[in-house]
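Take a look at the structure below.
Values in this document were obtained by computation on a predicted structure and should not be read as measured data.
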Amino acid sequence: PISNTDHALSFLLDLGLDGREIVVRVGRAGTAYPAAWTIWLTGTVEQPEVGADKVTLRIRDRTAVLDLPLQSTLYAGTNTGGPLSGAEGVPTDIGGQPKPLAWGRCSHVPAVRVNTALDIFQVHAGQVQAIDAVYDRGAALSFAANRANLAALEAASVSAGQFDTCTALGLFRLGGPAQGRVTADIRGDAAGSYVDRAGAVMRRILESVCGIATADIDTAAFAALDVAAPYEIGIWIGAETTRRAVLDQIQASIGAFCLPDRTGIWT
């Protein structure tokens with residue numbers, strides 16, 4: 001609690017601070033601030049409670065960001081036309097559901113049908129390294145061609161028993177109606193580069209999903225982890241979950257842990 005007997009801090013009532021970064025520094029009164037003050041803690045703050053004579057700040061470390069949903073991008077359900085065009089589904093099938101995410105090598109992932117008219121499926125909401133194989137009811141289909149964008153994928157003529165891909169969007173299209181469950185072997189997220197080691201994947205999630213700046217990551221520690229545990233991994237997520245749950249799975253697979261230190265640097 002901070003004294004507010006003079007109500008000098010009452011203006012905090014008008015500010016939305018929940019989840020904002022907070023830096024706590026210590027130093028001698030009268031010395032230059034912030035140059036002469038040492039950072040003691042970097043974290044996040046909950047919305048301040050302003051009372052008659054005090055303000056209460058509840059401070060958390062940076063792991064609070066891990067309790068947010070892993071995937072905030074949902075299928076819009078906006079496919080239109082006849083036949084349907086688009087890769088967002090319709091309100092009565094996948095509209096409102098989270099888009100899938102994948103990192104590393106994943107086998108037989110249950111691809112999401114994003115266009116029922118054209119039999120287009122998605123395995124990752126973004127660029128993937130490769131869609132190595134596609135199966136319909138367990139039977140392997142033959143790869144035909146990779147298309148540059150959704151329009152080219154929709155316009156393609158795909159023969160029965162074959163599939164086209166659009167790796168730039170994590171999509172593939174069948175040459176005819178699916179006979180059963182459709183799955184795929186993939187190498188996942190390749191935005192900028194492809195990663196398939198635990199340390200590199202965790203760093204990718206911290207940066208691209210959690211929004212952690214590279215300057216706030218002990219990159220040498222993550223690289224050292226991949227030297228100590230140089231094993232190929234893969235994880236595919238197609239349902240609602242938190243960032244923490246996914247990182248926990250990766251860490252448990254090699255007996256590691258990932259946390260911010262007291263100054264907010266992830267290591």
Side-chain angles (χ1 to χ4, degrees), residues 21 62-63 65-66 68-76 87-88 98-107 109 111-112 114 120-134 143 145-153 164-172 184-238 241-251 253-254 256 258-260 264-267:
E21 182 179 281
R62 279 187 164 179
T63 58
V65 73
L66 301 183
L68 298 174
L70 175 73
Q71 176 60 290
S72 59
T73 303
L74 310 180
Y75 284 110
E88 295 290 338
K99 294 187 176 184
L101 293 170
W103 294 273
R105 188 183 296 272
C106 307
S107 300
V109 301
V112 179
V114 296
I120 296 176
F121 294 77
Q122 188 165 43
V123 293
H124 172 71
Q127 182 179 357
V128 296
Q129 180 73 5
I131 298 174
D132 294 308
V134 172
F143 170 72
N146 185 55
R147 308 296 178 176
N149 50 49
L150 176 60
L153 187 65
D164 276 7
T165 63
C166 176
T167 55
L169 298 173
L171 301 170
F172 65 85
D185 296 341
I186 66 172
R187 282 171 281 162
D189 179 56
S193 63
Y194 172 64
V195 292
D196 62 0
R197 298 299 188 267
V201 171
M202 288 192 291
R203 178 180 166 184
R204 175 67 56 84
I205 293 173
L206 290 174
E207 292 177 332
S208 65
V209 177
C210 302
I212 306 297
T214 303
D216 291 331
I217 294 177
D218 182 357
T219 56
F222 284 85
L225 176 61
D226 287 342
V227 173
Y231 316 119
E232 182 181 50
I233 71 163
I235 186 166
W236 184 88
I237 304 296
T241 188
T242 64
R243 301 162 178 179
R244 186 186 301 275
V246 173
L247 288 174
D248 283 349
Q249 289 183 60
I250 297 171
Q251 294 168 57
S253 72
I254 59 168
C258 164
L259 291 169
I265 302 300
W266 291 79
T267 188

- Task: Using atom types as modelled and distance alone, determine if a side-chain donor or acceptor of Asp185 lies under 3.5 Å from a backbone N or O of Asp132.
- Result: no
(request) Could you tell me whether the side chain of Leu169 reaches within less than 4.5 Å of the side chain of Leu153, counting heavy atoms only? (result) no
Across all chains, not counting sequence neighbours, the side-chain hydrogen bond (donor to acceptor under 3.5 Å, both in side chains) partners of Asp248 are none
* Side-chain donor/acceptor of Gln71 to backbone N/O of Lys99, under 3.5 Å -> yes
Sequence neighbours excluded, the answer for ring-ring contact (aromatic ring centres under 6.0 Å, His included) partners of Phe121 is Phe172
Separation between CD1 (Ile131) and CZ (Arg187), nearest 0.5 Å, reads 11.0 Å
Residues pairing under salt bridge (charged side-chain N to carboxylate O under 4.0 Å, His left out) where one sits in residues 190-201, two or more places apart or in two chains, turn out to be none
Are Ile250 and Ile205 side-chain neighbours, meaning at least one heavy-atom pair lies under 4.5 Å? yes
Salt bridge (Lys or Arg N to Asp or Glu O under 4.0 Å) filter on Arg243, not counting sequence neighbours, yields none
Got Tyr75 and Gln122 here, is their nearest side-chain heavy-atom distance under 4.5 Å? yes
CH2 (Trp103) and CD1 (Ile237) are apart, to the nearest 0.5 Å, by 7.0 Å
Heavy atoms of Cys210 and Val65 approach each other most closely as O-CG2, 3.8 Å
Step-by-step side-chain contact (heavy atoms from CB on, under 4.5 Å) determination, Leu70 to Val209:
CA-CA 7 Å; Leu70 175 73; Val209 177; 4.0 Å; yes
Smallest heavy-atom separation, Ala148 atom then Ala168 atom, equals O-CB, 4.0 Å
Donor-acceptor contact below 3.5 Å, side chain Arg147 vs main chain Ala152 = no
Sequence neighbours excluded, the answer for side-chain hydrogen bond (donor to acceptor under 3.5 Å, both in side chains) partners of Ser72 is none
Evaluation steps, side-chain contact (heavy atoms from CB on, under 4.5 Å), between Leu101 and Val246 = CA-CA 11 Å; Leu101 293 170; Val246 173; over 6 Å; no
Smallest heavy-atom separation, Ala198 atom then Ile254 atom, equals CB-CD1, 3.4 Å
Smallest heavy-atom separation, Pro100 atom then Trp236 atom, equals CB-CZ2, 3.6 Å
Practice problem: Could you tell me whether the side chain of Asp216 and the main chain of Gly264 form a donor-acceptor pair under 3.5 Å? | Solution: no
Closest non-hydrogen atoms of Ala76 and Glu88, given as atom of the first, atom of the second and distance, are N-OE1, 2.9 Å
message = Could you tell me if the side chain of Thr63 sits less than 4.5 Å from the side chain of Trp266, heavy atoms only?
response = yes
message: Taking the side chain as everything from C-beta on, heavy atoms only, tell me whether Arg203 gets closer than 4.5 Å to Val195.
response: no
Would you say Arg105 and Tyr194 make side-chain contact, with heavy atoms under 4.5 Å? yes
Scanning both residues in full, the closest heavy-atom pair of Ala256 with Leu225 reads CB-CD1, 4.0 Å
One should read off an interatomic distance between Thr219 OG1 and Glu207 CD, to the nearest 0.5 angstrom, of 9.0 Å
> Between the main-chain N or O of Ala102 and the side-chain N or O of His124, is there a donor-acceptor pair closer than 3.5 Å?
Replying inline: yes
Does any part of the side chain of Leu206, heavy atoms only, come nearer than 4.5 Å to the side chain of Leu247, both counted from C-beta? yes
Next on the checklist: Is there a side-chain contact between Thr242 and Leu66 in this structure, where contact means two heavy atoms from C-beta onward sitting under 4.5 Å apart?
Outcome noted: no
Those residues at least two apart in sequence (or on a different chain) that pass side chain to side chain contact (heavy atoms under 4.5 Å, CB included) with Ala221 are Asp218, Thr267
In Val112, Val128, Val123, Leu150, the residue satisfying side chain to side chain contact (heavy atoms under 4.5 Å, CB included) with Leu171 is Leu150
